[in-house]
Amino acid sequence: MSIIIDTLRESALHIDSLLKDTSTSYMQSINVSGDTQLEIDVKVDTFLSEKLLNIPCVKAICSEEQEEMLYSAHTNAPYIIAYDPLDGSSLIDSNLSIGTIFGIYNEELNAKNLIASGYIIYGPRLEMIIAQEQALHYRYNGSIWRNLGALQLNTKGKINAPGGTQKHWENKHKAMIESLFAQGYRLRYSGGMVPDLHQILVKGGGLFSYPATSDAPNGKLRKLFEVFPFAFVYEKAGGFAINGTQRILDLEVAHLHESTPCFFGSQSEINLVREVYE
Ligand code: AFP
């Protein structure tokens, strides 16, 4: 496992430098989720897939940018890595933070088999969260990765990060979001899952929601590449992740690119979501 984490740490430095100097123009291609691909999406995906497939304990990988799972030459190896190479890449032109999300699965691609997860965040600082027993927070200082300690959510926060197009929200969802603002929660939403969820973690609590909407009944965010890895991080930080009624890490996966509505937060906010959605 440590060789996977070391490879991701080294890759973070390379991707961070690519971001400074690669075109963000659109290509002709779209990925399997229907997003138009940027040149940088493809470049980072190619780089990461080559690195990860070379690791002796990795049996297979699957990327948000690719339709099928890719198998390595190590057929008896235990681990499968699912990753989103560059989540939020449409924000690069606005120079907002973006990230790489990863989940490490033992033998099968199933939430119950997730044994570690995390993300890299490319912002004014280069940071990485690695969740195993705890959600550990690392920052690169120009020569080494410093361990800043474990992230821990309070039972109640102050941030409200509501995703999705408002005109497509259900009325009960709209009412819930408004009730949080009425209680004094503040809007903090960049449109990048990594910085938006990271902000709630480092500020100690709040709610990030990406609900079912009339144009996307299963939400937008993908289980294997985005939602399961973040659910694992949030639970290790003392938080919660549900789809409205069920714990995210109890959900099954029907296909590689399946999406789900999702709510991440601290105890108080997730209790509210349960009241509204149950
Ligand atoms: P891009 O990778 O196309 O920028 O999408 C980012 C993302 O998948 C995720 O990072 C955000 O949380 C979510 O989309 C934002 O979606 P909305 O703009 O619909 O709120």
Side-chain angles (χ1 to χ4, degrees), residues 15 18-19 22-27 29-45 48 62-66 82-103 117-123 127 129 159-170 173-174 176-177 180 187-201 206-231 233-234 239 241-244 248 256-265 273:
I15 297 168
L18 280 180
L19 288 173
T22 301
S23 151
T24 51
S25 53
Y26 283 99
M27 302 182 70
S29 51
I30 54 165
N31 68 15
V32 64
S33 306
D35 307 321
T36 313
Q37 288 181 303
L38 299 171
E39 198 179 321
I40 184 82
D41 285 324
V42 175
K43 211 169 189 172
V44 172
D45 186 39
L48 267 181
C62 54
S63 160
E64 203 243 332
E65 296 297 332
Q66 292 179 40
Y83 65 96
D84 185 349
L86 223 43
D87 186 80
S89 53
S90 66
L91 303 174
I92 298 175
D93 283 338
S94 330
N95 207 8
L96 290 167
S97 297
I98 59 162
T100 298
I101 309 170
F102 57 90
S117 75
Y119 55 89
I120 303 159
I121 178 161
Y122 313 96
E127 297 192 337
I129 303 301
I159 293 175
N160 190 9
T165 308
Q166 297 179 17
K167 77 168 185 174
H168 299 307
W169 288 351
E170 283 181 85
H173 184 76
K174 200 174 271 184
M176 181 183 79
I177 296 299
L180 287 170
L187 176 66
R188 294 289 182 270
Y189 190 76
S190 72
M193 185 180 195
V194 174
D196 289 334
L197 281 164
H198 184 65
Q199 177 159 223
I200 291 171
L201 283 165
L207 180 69
F208 173 96
S209 46
Y210 206 106
T213 54
S214 54
D215 60 335
N218 288 324
K220 175 183 182 188
L221 301 174
R222 283 132 295 205
K223 287 181 174 175
L224 288 169
F225 314 108
E226 297 165 314
V227 179
F228 289 173
F230 264 111
V233 170
Y234 263 62
I242 63 172
N243 68 354
I248 292 282
L256 281 189
H257 292 270
E258 192 183 12
S259 59
T260 178
C262 54
F263 301 83
F264 300 87
V273 176

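Remember, it's 1-based here, ligands and their atoms both numbered in the order they're listed. Quick note: residue numbers are just sequence positions, from 1.
Looking at S63, its side chain does come within 3.5 Å of a backbone N or O of E65 through a donor-acceptor pair. Between the side chain of S190 and the backbone N or O of D196, no donor-acceptor pair lies under 3.5 Å.
Distances shorter than 4.0 angstrom occur between a heavy atom of R222 and an atom of ligand 1. Using a 4.0 Å cutoff on heavy atoms, L91 does not count as a contact of ligand 1.
No hydrogens or angles considered: nothing links the side chains of T260 and N243 as a donor-acceptor pair under 3.5 Å. Between Q66 and D45, the side chains place a donor N or O and an acceptor N or O closer than 3.5 Å (distance only, hydrogens not considered).
With E226, M193, E64, K220 as candidates, the residue nearest to atom 5 (O) of ligand 1 on a non-hydrogen basis is K220.
Among protein heavy atoms, atom 4 (O) of ligand 1 sits closest to S90 OG, 2.6 Å. For atom 11 (C) of ligand 1, the closest heavy atom belonging to the protein is G191 O, 3.3 Å. The protein non-hydrogen atom at the shortest distance from atom 10 (O) of ligand 1 is D87 OD2, 2.4 Å.
The contact set between ligand 1 and G164, taken as ligand atoms under 4.0 Å from a residue heavy atom, comprises 19 (O), 20 (O). The atoms of ligand 1 that sit less than 4.0 Å from any heavy atom of S89 are 2 (O), 4 (O). Listed by number with element, the atoms of ligand 1 under 4.0 angstrom from any heavy atom of L221 are 8 (O), 9 (C). Of all the atoms in ligand 1, the ones that sit under 4.0 Å from a non-hydrogen atom of Y189 are 15 (C), 16 (O), 17 (P), 20 (O).
Shown here for T100 and Y122, the closest heavy-atom pair between the two residues is OG1-OH, 2.7 Å.
Residue G88 places at least one N or O, backbone or side chain, under 3.5 Å from an N or O of ligand 1. Ligand 1 has no nitrogen or oxygen under 3.5 angstrom from a nitrogen or oxygen of G192. Where the criterion is an N or O separation shorter than 3.5 Å, residue side chain and backbone included, Y210 meets it with respect to ligand 1.
Here the CD1-CD1 distance, from I129 to I101, works out to 12.5 Å after rounding to the nearest 0.5 Å.
Inter-residue side-chain proximity for P229 and F102 is flagged as unmet; no heavy-atom pair is nearer than 4.5 Å.
Using cut-offs of 30° and 60° on the angle between ring planes, the pair F230 and F264 is perpendicular. Ring geometry for Y119 versus H198: interplanar angle over 60°, hence perpendicular rather than tilted (30 to 60°).
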